[in-house]
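Every heavy atom of this structure was used, including side-chain atoms; hydrogens, water molecules and symmetry mates were not. Chain A is the first sequence line, chain B the second, and so forth, proteins listed ahead of strands; every chain is numbered from 1. From a predicted model like this one, the values you see are computed outputs, not experimental measurements.
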Amino acid sequence: MLDEIFRTTVLASAIRLATPYIFASMGETFSQRSGVLNLGVEGIMLLGAFASYYTVLETGSLVLGLLAAIGTGLLMGLVTAFVSVTLKAEQGISGIGIYLFGLGLSEMLFKRLVGTPTHVKGFPKVDIPVLTDLPVLGEVLFNHNIMIYLAFLTVPLSACILNRTTLGLQIRAVGQTPEAADAMGISVARVRYFTVTLGGVMSSLAGASLSIALVNFFQGNLTAGQGFIAVALVYFGAWRPYWVMAGAMLFSTVNALQLQIKTIESALSFDIPDEFAVMAPYVVTILTLIIASQRVEQPTALTKPFERGE
Amino acid sequence: MVNPQHKAIRSVEMKKIVKHFPGVLAVDEVDFDVQAGEVHALLGENGAGKSTLMKILYGLYSANAGETLINGHPVSIKSPRTAIELGIGMIHQHFMLVPSLTVAENVAMGLRSSRGLLLDIDIVSERVRKLSEIYNLNVDPAVPIWHLSVGEQQRVEILRALYKEASLLILDEPTAVLTPQEVDDLFKILRRMKEDGHSLIFISHKLKEVLAISDRITVLRDGRKVDTIPAETATRASLAQMMVGREVVLRYEYEPVEIEESRLALTGVHANSDRGYAGLIDINLTVHSGEIVGVAGVSGNGQQELAQVIAGLRPTSQGNIYLDGKKIDSCSANQRSLMGLSYIPEERMIEGVIKDFTVAENVVLHGFDQFPFAWKGFFLNLGAIKKTTRQHIIDYEIKTPSTETPVKSLSGGNIQKLVLARELSREPHVLIAAQPTRGVDIGATEYIHRRLLQARKVGVAILLISEDLDEILALSDRIVVIYEGKIVGEVSREEANINEIGLMMAGASQPE
Ligand SMILES: Nc1ncnc2c1ncn2[C@@H]1O[C@H](COP(=O)(O)OP(=O)(O)OP(=O)(O)O)[C@@H](O)[C@H]1O
Ligand SMILES: [Mg+2]
């Protein structure tokens, strides 16, 4: 019985829950690898979530909804890049600023334009012939909508870009020793603009994956801290895409277990305190973070704006 | 990777270049030019403005006034990218390498890939390997930079410049970390490049080298140009005079000092290198009070490990180290320093100073919590710190706008003088000096040598690790040669013979 709950319900829901984390943390991986800590992820997620939700609500078109999210992410990413790369602002502080801006603006727009929470018709599940019909595996892995597959697709893609392309090499060089990259003719600013803007788009998609693919509605502070967790997951995964994904899966699995707590309790005929259940994902993450961080080498130029030594 | 498609540079002219930094006029109306097929050397004391002038040419700094012409046409070089596109390459005084990336990745970064967006590291590695063979550089493309010794990193810089086939190559103190043999090899490469019509700008403090390689020599002093002269008409003495403004003697009276008790002893010491394999093998070494023991060897043969093991920055895997007869194997670097050990590290930018701290803060890096710099071990005595710093600045002729200037904006040689001033003023029992005059101008070299001899006279035990054989021969009472982590020979001052030592450095065993 417990076995079954775990295999199907918990794992399938963990995969769903991991989706926004993966989008956001892959984007953040790029920006941190190049030396920019973007703490505004949460705010951009909220704006992306609202933009896509509202578009779908008005037009009924999911494609337009996605485009709205991408546009929002692009814009917010550029703003973030401008603040942290061109203005060389303190990244921790400016990130919080972007978060508060996104939180406030998305809530205000929602109240003005929508008012009462209304569900939209989000991305439907995709039936993959044969695969979806497989026992267990089919339900866990091949019973999801397109956004979820897309999220998991960004992981190998990110790893490939970072490790096997000239762009990836530039990103890594800029994040470690910007002076050296600069001296070799790499534009530190251009690379960072690229990664931070990409991070913005991915964060916005993370928001959209909530509002038009997973929960299919919007409300103020819909993301409830998931953007911040995505940032932490990047550290957790030591700036490596597959590790970051593993972190996201671990976190969302514990999360999924917690959602199924009643079922599990009754199966075990054992009572788990609520407080403990709520804390569990965070505790597990922090513990793993402590263990993992022992052998981690972070981008040495992280959070440091670049200036030629003039 | 594709070679850059720039046009050949026939001439570069810099006219009336001016560069200010806060509190310093680093370059003052300097004219400088270089033609295809020549080596133009740039000479001057530490802080004379050599690197600054070259960084302007390479687009790292922008000049406050003046213009640059290439092949007679004015150009505006706003960033290294423009410089690279114009065919200018530069080997920097402080390496521009990314430590976590491999040699091949460091070469490939900033280059276009032959596979478009995808990296072609295998192709780059292959070419790096070939170049490394042709030019005898002995560089493995797959190794990350942080595994390499300074000398090896310098070879990577040279290799990267060769790889890019720049039309004009600026070399800012490329030989500071090379051995005599490596310098010969580099000169062969440079001569070949010159014959192929490349223009070369060469900066060095070693007058012998400058005279050997250059066609013309320009001397800077305090940001101004003293003169440009053809190399044939120059001598070491005349150049030194032009640079310093006074006569410099690099010959010292050797006074025998009564050798007393053993201060530093290593018995059967083994240690691993960063790359995991044996870095030091069975080192037995004693340095007595009033004695300078020179460690000669080609860079990367265990010198860095030796210095770090003694300083407490690298664990030993076997053997013991004694300081004044006390076993110090388990003491931390800080404890050793308090027990009277001073260390002038080879990588001064990393181990010697904190780049973002001011000159004064760096002066009290050790002992900032002790009298006279602190009161009750807690309150800093800023007055005393400033006073000591000022004294160091005067004694060692350190060029800095103030005691509150961050160390990173000092010229390379002046940073070295600062570290030396700090370490020698602590009146140590034992001094480990690793490449103490690397990158230091001759005036200051003379000064540093005199200071070391003075310390010897008052009974300090000095371990002098240097790749400069002339320096070792001039100062040491005893010379040991290190090769592949082992001490392969030992000679006294009287029996020292430069050829024999050179052979031992290359791995030949000591003739009986
Ligand atoms: N980025 C900087 N900011 C402030 N001052 C600087 C900076 N770079 C150089 N300076 C100052 O300009 C002067 C010239 O320095 P520069 O590095 O050109 O000397 P150098 O001739 O290369 O000396 P060295 O032989 O020691 O390398 C020095 O007084 C130095 O302190
Ligand atoms: Mg210099």
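- For a residue to count as touching a neighbouring chain, one of its non-hydrogen atoms must lie under 4.5 Å from one of that chain's; by this rule B:Ser409 does not touch chain A.
- With a 4.5 angstrom heavy-atom cutoff, B:Leu118 touches chain A via backbone and side-chain atoms both.
- The part of B:Tyr58 that comes within reach of chain A is its side chain, from C-beta onward, which places non-hydrogen atoms under 4.5 angstrom from that chain.
- In terms of non-hydrogen atom pairs under 4.5 Å with chain B, the most contact-rich of A:Leu167, A:Thr165, A:Asp182 is A:Thr165.
- Side-chain atoms of B:Arg81 never come within 3.5 Å of backbone atoms of A:Ser187 as a donor-acceptor pair (strictly under, hydrogens ignored).
- A:Ser52 contributes no side-chain N or O that, together with a main-chain N or O of A:Leu66, makes up a donor-acceptor pair within less than 3.5 Å.
- For an aromatic pair to be called close, the ring centres must be under 6.0 Å apart, and A:Phe228 with A:Tyr99 satisfies this.
- Side-chain atoms of B:Ser51 and B:Asp172 form a donor-acceptor pair, as typed in the model, at a separation below 3.5 Å.
- Between the side chains of A:Ser31 and A:Asn38, no donor-acceptor pair of N or O atoms lies under 3.5 Å.
- Residue contact with chain A, scored on non-hydrogen atoms closer than 4.5 Å, involves the side chain of B:His92 exclusively.
- Looking only at heavy-atom pairs under 4.5 Å with chain B, the residue among A:Glu179, A:Arg172, A:Gln170 that has the most is A:Arg172.
- Contact annotation for B:Arg115: neither backbone nor side-chain heavy atoms come within less than 4.5 Å of a heavy atom of chain A.
- Using a 4.0 Å cut-off between a side-chain N of Lys or Arg and a carboxylate O of Asp or Glu, B:Glu165 and B:Arg127 qualify as a salt bridge.
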